[in-house]
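Residues take their numbers from the sequence shown, with the count starting at 1. Side chains included, hydrogens not; waters and symmetry mates left out as well; all remaining heavy atoms used.
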Amino acid sequence: MIYLKWKLSEDGVSGTGPEETIADRGGHAEAGWAVDGDGYRIGYLSESVDLTGLETWDVNEVTEAEALAFCQALWSDAEVMDSGHISVSPPPER
């Protein structure tokens with residue numbers, strides 16, 4: 001699993017992500033659940049592709065430990081699952 005950190009194109013809350021551009025390059029990226037206050041999110045990439053030219057989204061490859069720390073800052077019980085994805089926080093109780 002390759003971990004990415006990116007921001008949506010407009011303001012981090014709305015706009016496009018790099019998934020389509022990455023798909024055009026032969027990869028498959030998906031956004032995870034974790035989004036910080038600056039609009040950055042953790043995403044997953046199934047295979048290595050060229051990430052140059054993705055400045056619109058400020059895409060950076062991060063380590064598993066960095067991705068986990070990012071998610072744990074939002075939900076302390078987050079952990080890396082066998083699939084490589086980071087566990088999703090439970091919905092808030094009502």
Side-chain angles (χ1 to χ4, degrees):
M1 179 73 67
I2 300 168
Y3 300 91
L4 301 176
K5 181 179 170 186
W6 73 71
K7 190 173 188 176
L8 293 183
S9 62
E10 297 298 320
D11 55 13
V13 177
S14 61
T16 64
E19 298 95 331
E20 186 175 330
T21 302
I22 288 172
D24 291 345
R25 296 177 182 189
H28 174 76
E30 61 180 294
W33 63 269
V35 180
D36 71 10
D38 293 325
Y40 283 91
R41 61 199 65 231
I42 291 297
Y44 306 98
L45 183 61
S46 56
E47 61 275 327
S48 184
V49 296
D50 180 12
L51 298 176
T52 60
L54 300 178
E55 291 82 12
T56 299
W57 304 282
D58 193 19
V59 176
N60 291 289
E61 188 171 333
V62 297
T63 66
E64 179 182 279
E66 291 169 324
L68 179 59
F70 179 97
C71 294
Q72 286 176 335
L74 300 168
W75 181 53
S76 62
D77 290 336
E79 59 186 23
V80 178
M81 300 183 301
D82 290 340
S83 67
H85 291 86
I86 298 174
S87 59
V88 177
S89 64
E93 291 185 30
R94 295 183 180 199

Exercise. Kindly determine whether Trp57 and Thr21 satisfy side chain to side chain contact (heavy atoms under 4.5 Å, CB included), including the steps that lead there.
Key: CA-CA 11 Å; Trp57 304 282; Thr21 302; 3.5 Å; yes

Least distance between heavy atoms, [X] atom then [Y] atom:
X	Y	value
Lys5	Phe70	CE-CE1, 4.0 Å
Ala31	Glu19	CB-OE2, 3.7 Å
Gly26	Val49	C-CG1, 4.0 Å

Is there a donor in the side chain of [X] and an acceptor in the side chain of [Y], or the other way round, less than 3.5 Å apart?
X	Y	answer
Glu30	His85	yes
Trp75	Ser87	no
Ser9	Thr56	no

Going by heavy atoms in the side chains, are [X] and [Y] under 4.5 Å from each other?
X	Y	value
Trp6	Ile42	no
Ile22	Leu51	yes
Glu61	Ile2	yes
Thr16	Leu8	no
Met81	Ile86	no

Within the side chain of [X], is there an N or O that forms a donor-acceptor pair under 3.5 Å with the backbone of [Y]?
X	Y	answer
Asp38	Tyr40	no
Arg25	Asp50	yes
Tyr44	His28	no

Exercise. Examine Val35 and Tyr3 and state if one hydrophobic cluster contains both, with Ile, Leu, Val, Met, Phe, Trp and Tyr joined whenever side-chain heavy atoms are less than 4.5 Å apart.
Key: no

Self-check item: Within one Ile-Leu-Val-Met-Phe-Trp-Tyr cluster: Val88 and Met1, side-chain cutoff 4.5 Å
Solution: yes

Quiz prompt | More than 12 heavy atoms of other groups within 6.0 Å of Glu47 CD | solution = yes

Self-check item: Residue pair Val62, Leu4: steps toward the side chain to side chain contact (heavy atoms under 4.5 Å, CB included) verdict
Solution: CA-CA 6 Å; Val62 297; Leu4 301 176; over 6 Å; no

